[in-house]
Amino acid sequence: MYGLWRPRVLGAWRVPASGPVILAVNHAHNIDGPMLMGTAPRPVHFLIKKEAFVGPLGAFLEGIGQLKVDRHSADRTAIGNALAVLEHGGVLGIFPEGTRGEGDFASLRAGLAYFALRSGAPIVPVAVLGSTDRPGRLVKALPRVRSHVDVVFGDAFEAGDGSGRRTRKALDEATVRIQERLTDHLKNARRLTGR
């Protein structure tokens, strides 16, 4: 990432140095995940759609610890693998919107709240900004080479209400709380970076 672009990483010290943690990342461009993997202070295991695991790319993704997920069904294997990352004190990266979009955390799926409530891992909000600003000249699908991309880490927080409940209602309430925290972080990150 540092060879192709000029990432500016802010707040990386907010990621706990050890123990399980979930990085909740906005997703507006294909490079958002790789940018986070290349700049995070700890190795990150992302849930990535199974369609990306083809040919040499598939072997590479598996080799660096990424997790294959079938987005069209309740993929129990992927869920188990993600929970295992957290149980072993690792870092799980999640795009809470489920797919690329505006990257504004406007519509969250319940997966992030499920993993946070089930594991008890804190959530660190992450805003990747600038990946969609200036398309490259040769490869329009990528940001311009040597352009600035900001990666802003926020304060860790707990998704639950302290009750330990993991009911459907608790999951829905946690999703609302998470969305508020992520949206606030994104506003602060934009203000901080001027984007």
Which residues pass the salt bridge (Lys or Arg N to Asp or Glu O under 4.0 Å) test with Asp184, sequence neighbours left out? none

Could you go through the side chain to side chain contact (heavy atoms under 4.5 Å, CB included) check for Phe153 and Trp13 one step at a time? CA-CA 8 Å; Phe153 294 88; Trp13 56 270; over 6 Å; no

Sequence neighbours excluded, the answer for side-chain contact (heavy atoms from CB on, under 4.5 Å) partners of Ser18 is none

Using a 3.5 Å cut-off and no angle test, enumerate the donor-acceptor pairs between side-chain atoms of residues 119-128 and protein atoms at least two apart in sequence or in another chain.
residue : atom : partner : partner atom : Å
Ser119  : OG   : Phe115  : O            : 2.7
Ser119  : OG   : Ala121  : N            : 3.1

Partners meeting salt bridge (Lys or Arg N to Asp or Glu O under 4.0 Å) with Glu62 (sequence neighbours left out): Lys68

List for me each residue that meets salt bridge (Lys or Arg N to Asp or Glu O under 4.0 Å) alongside Arg118, sequence neighbours excluded, and say none if there are none. none

Residues two or more places apart in sequence or in another chain: which of them pass salt bridge (Lys or Arg N to Asp or Glu O under 4.0 Å) with Lys50? Asp70

From the list Leu67, Leu23, Asn81, Val21, side-chain contact (heavy atoms from CB on, under 4.5 Å) partner of Leu92 resolves to Leu67

Under the rule for side chain to side chain donor-acceptor pair (under 3.5 Å), what residues qualify as partners of Glu173, not counting sequence neighbours? Arg165

Pairs involving residues 50-94, ordered by first then second residue, that meet ring pair (Phe, Tyr, Trp, His ring centres under 6.0 Å) (sequence neighbours left out): none

Could you pull out all residues at least two apart from Arg76 that satisfy side chain to side chain donor-acceptor pair (under 3.5 Å)? none

Run the side-chain contact (heavy atoms from CB on, under 4.5 Å) test against Arg181 and tell me which residues pass, sequence neighbours left out. Phe157

With sequence neighbours left out, which residue pairs that include part of residues 13-26 fulfil the salt bridge (charged side-chain N to carboxylate O under 4.0 Å, His left out) condition? Arg14-Asp155

By side chain to side chain donor-acceptor pair (under 3.5 Å) - contacts of Arg42 (at least two apart): none

